[in-house]
Amino acid sequence: MFAEGELLRRADALAGWSIAELAARLQIPLPERPERAKGFVGRLLEEALGATAGSRPEADFPALGVELKTIPLDSQGKARESTFVTYASVDELCGSDWESSRVRHKLARVLWIPIEARPGLTFSERRIGIPLLWSPNAAQEELLRADWERLSEALIAGEAGDVRGNVGQVLQLRPKAARAEVRSLQWDAEGFASLAQPKAFYLRAPFTTSIFAAANPIGGQ
DNA sequence: TATTGATCATGC
DNA sequence: GCATGATCAATA
(Lines give C-alpha, C1' and ligand atoms only; values in the text may rest on other atoms or scores of the structure.)
Protein backbone atom coordinates (compact mmCIF):
# COMPACT_ATOMS: atom_id res chain seq x y z
CA MET A 1 0.00 0.00 0.00
CA PHE A 2 1.24 3.44 -0.89
CA ALA A 3 1.33 6.53 1.28
CA GLU A 4 -1.14 9.38 1.43
CA GLY A 5 1.18 11.64 -0.52
CA GLU A 6 1.38 9.13 -3.32
CA LEU A 7 -2.41 8.87 -3.42
CA LEU A 8 -2.74 12.63 -3.72
CA ARG A 9 -0.06 12.69 -6.42
CA ARG A 10 -1.97 10.08 -8.42
CA ALA A 11 -5.19 12.03 -8.04
CA ASP A 12 -3.44 15.24 -9.09
CA ALA A 13 -2.28 13.52 -12.26
CA LEU A 14 -5.90 12.91 -13.25
CA ALA A 15 -6.84 16.59 -13.16
CA GLY A 16 -7.79 17.85 -16.59
CA TRP A 17 -8.78 14.46 -17.95
CA SER A 18 -12.36 14.02 -19.01
CA ILE A 19 -14.41 11.11 -17.71
CA ALA A 20 -14.50 9.66 -21.22
CA GLU A 21 -10.70 9.88 -21.57
CA LEU A 22 -10.12 8.20 -18.23
CA ALA A 23 -12.58 5.43 -19.04
CA ALA A 24 -10.85 4.84 -22.36
CA ARG A 25 -7.44 4.66 -20.73
CA LEU A 26 -8.75 2.08 -18.26
CA GLN A 27 -10.56 0.25 -21.04
CA ILE A 28 -13.87 0.63 -19.25
CA PRO A 29 -16.87 1.13 -21.57
CA LEU A 30 -19.01 4.20 -21.01
CA PRO A 31 -22.60 3.56 -19.94
CA GLU A 32 -25.06 3.75 -22.79
CA ARG A 33 -27.60 5.58 -20.67
CA PRO A 34 -25.72 8.05 -18.44
CA GLU A 35 -28.90 9.05 -16.61
CA ARG A 36 -29.07 5.54 -15.25
CA ALA A 37 -25.38 5.24 -14.36
CA LYS A 38 -25.42 7.21 -11.13
CA GLY A 39 -22.43 5.57 -9.50
CA PHE A 40 -20.30 5.24 -12.60
CA VAL A 41 -18.02 8.22 -12.07
CA GLY A 42 -17.29 7.24 -8.47
CA ARG A 43 -16.41 3.69 -9.42
CA LEU A 44 -14.28 4.84 -12.30
CA LEU A 45 -12.19 7.01 -9.98
CA GLU A 46 -11.90 4.18 -7.47
CA GLU A 47 -10.52 1.99 -10.21
CA ALA A 48 -8.15 4.67 -11.44
CA LEU A 49 -6.71 5.29 -7.99
CA GLY A 50 -6.56 1.71 -6.81
CA ALA A 51 -9.24 1.75 -4.11
CA THR A 52 -9.71 -1.70 -2.67
CA ALA A 53 -12.85 -1.78 -0.58
CA GLY A 54 -15.31 -2.28 -3.43
CA SER A 55 -18.77 -2.60 -1.94
CA ARG A 56 -17.46 -3.63 1.45
CA PRO A 57 -18.18 -1.41 4.48
CA GLU A 58 -14.64 -0.07 4.75
CA ALA A 59 -12.72 3.04 3.91
CA ASP A 60 -11.70 3.11 0.27
CA PHE A 61 -8.06 3.08 1.30
CA PRO A 62 -8.09 1.08 4.55
CA ALA A 63 -4.38 1.39 5.28
CA LEU A 64 -4.60 5.16 4.95
CA GLY A 65 -8.03 5.65 6.49
CA VAL A 66 -8.94 7.74 3.47
CA GLU A 67 -12.41 7.91 1.97
CA LEU A 68 -12.72 8.72 -1.74
CA LYS A 69 -15.59 10.96 -2.85
CA THR A 70 -16.31 12.46 -6.23
CA ILE A 71 -18.34 15.64 -6.12
CA PRO A 72 -20.13 17.31 -9.04
CA LEU A 73 -19.21 21.00 -9.17
CA ASP A 74 -20.64 23.59 -11.55
CA SER A 75 -18.58 26.25 -13.34
CA GLN A 76 -18.77 28.48 -10.27
CA GLY A 77 -17.43 25.81 -7.97
CA LYS A 78 -20.79 25.08 -6.38
CA ALA A 79 -21.69 21.50 -5.45
CA ARG A 80 -24.66 20.36 -7.51
CA GLU A 81 -25.61 17.50 -5.24
CA SER A 82 -25.58 16.42 -1.64
CA THR A 83 -23.06 13.76 -0.64
CA PHE A 84 -24.00 10.36 0.74
CA VAL A 85 -22.10 9.56 3.93
CA THR A 86 -23.50 6.42 5.53
CA TYR A 87 -26.69 4.69 6.57
CA ALA A 88 -28.26 5.66 9.87
CA SER A 89 -29.65 2.89 12.03
CA VAL A 90 -31.46 3.65 15.26
CA ASP A 91 -29.92 0.80 17.21
CA GLU A 92 -26.42 1.83 16.25
CA LEU A 93 -27.05 5.46 17.14
CA CYS A 94 -28.50 4.57 20.54
CA GLY A 95 -25.23 3.51 22.12
CA SER A 96 -23.05 5.85 20.13
CA ASP A 97 -21.71 9.33 20.63
CA TRP A 98 -20.20 11.64 18.03
CA GLU A 99 -16.66 10.55 18.80
CA SER A 100 -17.43 6.93 17.96
CA SER A 101 -19.94 7.60 15.20
CA ARG A 102 -19.64 6.22 11.71
CA VAL A 103 -20.25 9.68 10.25
CA ARG A 104 -17.22 11.08 12.07
CA HIS A 105 -15.02 8.18 11.05
CA LYS A 106 -16.15 8.32 7.43
CA LEU A 107 -15.43 12.04 7.23
CA ALA A 108 -12.18 12.04 9.21
CA ARG A 109 -10.13 11.99 6.02
CA VAL A 110 -11.69 12.47 2.59
CA LEU A 111 -10.07 12.72 -0.81
CA TRP A 112 -12.52 14.95 -2.70
CA ILE A 113 -12.31 14.77 -6.46
CA PRO A 114 -14.37 17.46 -8.15
CA ILE A 115 -16.02 16.53 -11.42
CA GLU A 116 -17.37 19.17 -13.77
CA ALA A 117 -21.14 18.89 -13.88
CA ARG A 118 -24.09 20.68 -15.33
CA PRO A 119 -27.19 19.49 -17.12
CA GLY A 120 -26.52 18.18 -20.60
CA LEU A 121 -22.77 17.63 -20.29
CA THR A 122 -21.51 14.39 -21.81
CA PHE A 123 -18.79 12.23 -20.30
CA SER A 124 -16.40 13.71 -22.86
CA GLU A 125 -17.19 17.18 -21.59
CA ARG A 126 -17.04 16.42 -17.89
CA ARG A 127 -13.50 17.05 -16.74
CA ILE A 128 -11.84 15.92 -13.54
CA GLY A 129 -10.73 18.76 -11.29
CA ILE A 130 -7.95 19.32 -8.78
CA PRO A 131 -8.35 16.95 -5.83
CA LEU A 132 -8.56 18.02 -2.22
CA LEU A 133 -7.39 15.92 0.69
CA TRP A 134 -9.54 17.12 3.54
CA SER A 135 -10.16 16.69 7.22
CA PRO A 136 -12.78 18.77 9.03
CA ASN A 137 -11.37 21.84 10.77
CA ALA A 138 -12.60 22.71 14.25
CA ALA A 139 -15.50 24.80 13.01
CA GLN A 140 -16.59 22.23 10.45
CA GLU A 141 -16.41 19.42 12.96
CA GLU A 142 -18.49 21.40 15.42
CA LEU A 143 -21.20 21.92 12.80
CA LEU A 144 -21.17 18.24 11.93
CA ARG A 145 -21.25 17.16 15.56
CA ALA A 146 -24.17 19.45 16.41
CA ASP A 147 -26.23 18.18 13.47
CA TRP A 148 -25.31 14.57 14.09
CA GLU A 149 -26.43 14.80 17.71
CA ARG A 150 -29.67 16.53 16.80
CA LEU A 151 -30.47 14.09 14.01
CA SER A 152 -29.58 11.07 16.10
CA GLU A 153 -31.82 12.19 18.93
CA ALA A 154 -34.66 12.91 16.52
CA LEU A 155 -34.29 9.57 14.80
CA ILE A 156 -34.20 7.68 18.09
CA ALA A 157 -37.21 9.59 19.42
CA GLY A 158 -39.27 9.29 16.25
CA GLU A 159 -41.69 6.40 16.45
CA ALA A 160 -41.66 5.64 12.74
CA GLY A 161 -38.37 7.30 11.99
CA ASP A 162 -40.20 10.38 10.82
CA VAL A 163 -37.21 12.71 10.61
CA ARG A 164 -37.44 14.73 7.42
CA GLY A 165 -34.73 15.98 5.11
CA ASN A 166 -35.21 19.55 6.23
CA VAL A 167 -33.53 19.02 9.60
CA GLY A 168 -29.86 19.88 10.00
CA GLN A 169 -27.64 22.71 8.85
CA VAL A 170 -24.83 20.80 7.16
CA LEU A 171 -25.91 17.20 7.64
CA GLN A 172 -29.34 15.76 6.86
CA LEU A 173 -31.19 12.44 6.97
CA ARG A 174 -32.85 11.27 3.77
CA PRO A 175 -34.48 8.04 2.60
CA LYS A 176 -32.02 5.61 1.05
CA ALA A 177 -33.53 2.54 -0.54
CA ALA A 178 -34.25 0.94 -3.87
CA ARG A 179 -37.91 1.88 -3.57
CA ALA A 180 -39.94 4.27 -1.45
CA GLU A 181 -41.95 1.47 0.14
CA VAL A 182 -38.91 -0.41 1.47
CA ARG A 183 -38.90 -0.86 5.23
CA SER A 184 -36.22 -2.37 7.43
CA LEU A 185 -36.16 -3.69 10.97
CA GLN A 186 -34.94 -1.22 13.58
CA TRP A 187 -34.60 -1.38 17.35
CA ASP A 188 -35.40 1.54 19.60
CA ALA A 189 -33.71 2.53 22.87
CA GLU A 190 -35.88 0.09 24.85
CA GLY A 191 -35.07 -2.77 22.52
CA PHE A 192 -38.42 -2.85 20.75
CA ALA A 193 -38.41 -3.67 17.06
CA SER A 194 -40.29 -1.79 14.38
CA LEU A 195 -40.28 -1.40 10.62
CA ALA A 196 -39.00 1.93 9.36
CA GLN A 197 -37.92 3.52 6.12
CA PRO A 198 -34.12 3.19 5.80
CA LYS A 199 -32.41 6.56 6.07
CA ALA A 200 -28.89 7.79 5.48
CA PHE A 201 -26.74 10.77 6.43
CA TYR A 202 -25.94 13.20 3.63
CA LEU A 203 -23.76 16.30 3.53
CA ARG A 204 -25.71 19.28 2.25
CA ALA A 205 -24.37 20.76 -0.98
CA PRO A 206 -23.61 24.24 0.46
CA PHE A 207 -21.39 22.66 3.11
CA THR A 208 -19.39 20.76 0.50
CA THR A 209 -19.13 23.94 -1.53
CA SER A 210 -17.69 25.71 1.50
CA ILE A 211 -15.03 23.02 1.89
CA PHE A 212 -13.69 23.83 -1.57
CA ALA A 213 -14.13 27.56 -1.10
CA ALA A 214 -12.07 27.46 2.09
CA ALA A 215 -9.32 25.44 0.44
CA ASN A 216 -9.38 27.51 -2.74
CA PRO A 217 -9.86 31.15 -1.74
CA ILE A 218 -10.96 33.79 -4.22
CA GLY A 219 -8.37 34.25 -6.90
CA GLY A 220 -7.04 30.74 -6.67
CA GLN A 221 -7.58 28.32 -9.48
C1' DT B 1 -34.30 26.79 -8.96
C1' DA B 2 -32.99 24.67 -4.57
C1' DT B 3 -34.34 21.04 -1.73
C1' DT B 4 -36.24 16.72 -0.41
C1' DG B 5 -37.63 12.33 -1.45
C1' DA B 6 -36.90 8.58 -4.76
C1' DT B 7 -34.22 5.90 -7.59
C1' DC B 8 -30.41 3.28 -10.55
C1' DA B 9 -26.39 -0.09 -10.93
C1' DT B 10 -23.42 -3.46 -8.83
C1' DG B 11 -21.59 -7.23 -5.70
C1' DC B 12 -22.30 -10.22 -2.39
C1' DG C 1 -31.57 -7.16 1.59
C1' DC C 2 -27.75 -4.22 2.57
C1' DA C 3 -23.86 -1.55 1.61
C1' DT C 4 -21.04 0.34 -1.99
C1' DG C 5 -21.12 4.36 -5.60
C1' DA C 6 -24.10 8.57 -6.34
C1' DT C 7 -27.75 11.42 -9.32
C1' DC C 8 -32.50 11.80 -10.86
C1' DA C 9 -36.77 14.15 -10.63
C1' DA C 10 -40.93 15.71 -8.27
C1' DT C 11 -42.08 19.21 -5.10
C1' DA C 12 -41.97 23.30 -2.51
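Protein chains get the first letters and strands the later ones, always in sequence-line order, with residue 1 at the start of each. What you see is a predicted model; the values in this text were computed from it and never measured.
In terms of the ring-ring contact (aromatic ring centres under 6.0 Å, His included) criterion, A:Phe207 has no residue partners (sequence neighbours excluded). In this structure, the side-chain contact (heavy atoms from CB on, under 4.5 Å) partners of A:Leu26, at least two apart in sequence or on a different chain, are A:Leu22, A:Ile28, A:Leu44, A:Glu47, A:Ala48.
The interatomic distance linking A:Phe40 (CZ) with C:dC8 (P) rounds to 14 Å, in whole Å. Regarding A:Arg102, its CZ atom lies at a distance of 10 Å from the C1' atom of C:dC2, rounded to whole Å. Rounded to whole angstrom, the span from the CZ atom of A:Arg43 across to the P atom of C:dT7 amounts to 13 Å. Between the CH2 atom of A:Trp112 and the P atom of C:dG5 there is a distance of 12 Å, rounded to whole Å. To the nearest angstrom, C1' of B:dT10 lies 17 Å from CG of A:Leu45. Counting to the nearest Å, the P atom of C:dT4 and the CD atom of A:Glu58 are 10 Å from each other. Straight-line distance from the CZ atom of A:Phe201 to the P atom of C:dA6: 19 Å, rounded to whole Å. The interatomic distance linking A:Arg118 (CZ) with C:dC8 (C1') rounds to 18 Å, in whole Å.
Between the axis at the start and the axis at the end of the helix from B:dT1-C:dA12 to B:dC12-C:dG1 there is an angle of 30°, using five pairs per end and rounding to 10 degrees.
A:Ser18 and A:Arg127 are not linked by any side-chain donor-acceptor pair at a separation below 3.5 angstrom, with hydrogens and angles left out of the test. Checking A:Arg174 against A:Ser82 by side-chain atom types alone, a donor-acceptor pair falls below 3.5 Å.
Nucleotides of DNA chain C nearest to A:Arg126 and A:Lys106 differ in position, and the one nearer the 5' end is that of A:Lys106.
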Walk along nucleotides 1-8 of chain B from 5' to 3' and tag each nucleotide B, S or - by protein heavy-atom contact under 4.0 Å, base first, then sugar-phosphate. ---BBBBB

Side-chain atoms of residues 32-40 of chain A: list all donor-acceptor pairs with protein atoms under 3.5 Å, sequence neighbours left out, distances to 0.1 Å.
none

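The heavy-atom pair separating A:Ile128 from A:Leu14 by the smallest distance is CB-O, 3.6 Å.
Within the structure, salt bridge (Lys or Arg N to Asp or Glu O under 4.0 Å) pairs that include any residue of residues 135-146 of chain A comprise A:Arg104-A:Glu141, A:Glu142-A:Arg145, A:Arg145-A:Glu149 (at least two apart or interchain).
Salt bridge status for A:Glu116 with A:Arg126: absent, with no side-chain N to carboxylate O gap under 4.0 Å.
Nucleic acid contact for A:Pro198: none, since no nucleic acid atom lies under 4.0 Å from a heavy atom of the residue.
Hydrophobic clustering, with ILVMFWY side chains joined whenever heavy atoms are under 4.5 angstrom apart, keeps A:Trp148 apart from A:Tyr202.
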